[in-house]
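Each ligand, and each atom within it, is numbered from 1 in the order the structure gives.
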Amino acid sequence: MRKYVIAGNWKMNNTPAEAKALIEAMKPLVKDATCEVVICAPFVDLTACLEAAEGSGIKIGAENVHWAEKGAYTGEVSAEMLKAVGVEYVVIGHSERRQYFGETDQTVNLRTLAAVKAGLKPIVCVGETLEQRELGYTETLLKYQTKMALTNITAEQLKDIVIAYEPVWAIGTGVTATADQADEGNGFVRAAVAEMFGAEAAENITVQYGGSMNAGNAEELVAKENVDGGLIGGASLKAEDFAVIVKAASK
Ligand code: 13P
């Protein structure tokens with residue numbers, strides 16, 4: 001059975017007080033959700049989010065994790081540290097980290113391995129730029145990024161992994177992929193999983209779409225065969241909008 005997951009990615013937004021208020025506002029609005037509801041927040045907000053979300057069913061995630069267990073990595077946070085504060089999910093390989101912070105397919109893989117080893121559930125992001133799409137590289141690139149991210153992952157560990165297809169050109173731009181483009185991209189991701197782990201594993205893995213998903217377009221996107229939820233940026237900063245998306249994925 002494929003699990004639907006709607007995850008907010010707050011990016012670099014919200015102080016702990018703002019985080020608490022936003023989770024409190026979301027709680028009554030998403031209480032009837034039948035999909036998994038996750039909020040991924042900046043490190044300093046995680047404790048406030050966990051406290052505010054307690055007993056609500058909203059799961060909390062971080063936005064990045066280092067691959068080493070501990071050591072001289074100034075400014076970094078380990079998977080064990082996240083696990084110890086009670087975090088369940090972690091976003092890995094977001095295109096903003098690939099674009100601005102030197103994230104590579106190899107470091108995405110190392111982070112994913114460290115996360116599952118510590119018992120965290122990675123939300124691994126893949127996606128093509130507009131230039132790559134226009135050159136016809138989308139399928140090759142999505143399969144390559146997916147396979148790199150999942151290298152040395154076991155079939156058992158795969159069950160804890162969510163993959164988010166986020167076309168870079170659709171992130172924060174207001175330009176959403178059409179439902180067919182989202183379905184196709186998610187299908188390429190699923191095909192890569194099938195090539196590595198077999199048809200059943202590919203059928204069961206949750207593949208989200210992300211990129212300008214909002215209250216107005218979520219229903220059409222999640223109705224697609226290959227779209228098992230969403231990774232939501234801007235619209236996850238507004239409780240009402242986020243709740244509409246959760247509702248669309250709860251049908
Ligand atoms: P937007 O929903 O703001 O386009 O961001 C998508 C995203 O990057 C989620 O990780």
key: Part of Ala170 within contact of ligand 1 (heavy atoms, under 4.0 Å)   = backbone
request  = Please could you name the atoms of ligand 1 that His94 approaches to less than 4.0 Å, counting only its heavy atoms?
outcome  = 7 (C), 8 (O), 9 (C), 10 (O)
task = Identify, for atom 5 (O) of ligand 1, the protein heavy atom at the shortest distance, and state residue, atom and that distance.
result = Lys11 NZ, 3.2 Å
inquiry  = Just to check, does Ser212 reach to within less than 4.0 Å of ligand 1 when the distance is taken from its heavy atoms?
reply    = yes
query = Considering only the protein, which heavy-atom contact is closest to atom 2 (O) of ligand 1, and what is its distance?
reply = Gly233 N, 2.9 Å
task = Among all protein heavy atoms, pick the one closest to atom 7 (C) of ligand 1 and tell me residue, atom and distance.
result = Glu166 OE2, 3.2 Å
ask   = Ignoring hydrogens and geometry, is there a side-chain-to-backbone donor-acceptor pair from Asn109 to Ala149 under 3.5 Å?
value = yes
ask   = Would Ser95 and Gln99 count as having a side-chain donor-acceptor pair, cut-off 3.5 Å?
value = no
ask   = With a 3.5 Å cut-off and no angle check, do the side chains of Arg190 and Asn226 form a donor-acceptor pair?
value = yes
ask   = Nearest to atom 3 (O) of ligand 1, what protein heavy atom do you find, and at what distance?
value = Gly234 N, 2.8 Å
ask   = At the 4.0 Å heavy-atom cut-off, does Gly172 count as touching ligand 1?
value = yes
key: Those atoms of ligand 1 less than 4.0 Å from some heavy atom in Gly211   = 4 (O), 6 (C)
task = Answer yes when Arg98 and Asp105 have at least one side-chain N-carboxylate O distance shorter than 4.0 Å, and no when they do not.
result = yes
request  = Output yes when Lys83 and Glu88 qualify as a salt bridge under the 4.0 Å nitrogen-oxygen rule, no when they do not.
outcome  = no
request  = Check Asn9 against ligand 1 and report side chain, backbone, both or neither, counting heavy atoms closer than 4.0 Å.
outcome  = side chain
query = In terms of side-chain geometry, is the basic nitrogen of Glu69 or Lys117 positioned less than 4.0 Å from the acidic oxygen of its partner?
reply = yes
query = How far apart are the closest heavy atoms of Asp160 and Leu120, and which atoms are they?
reply = CB-O, 4.5 Å
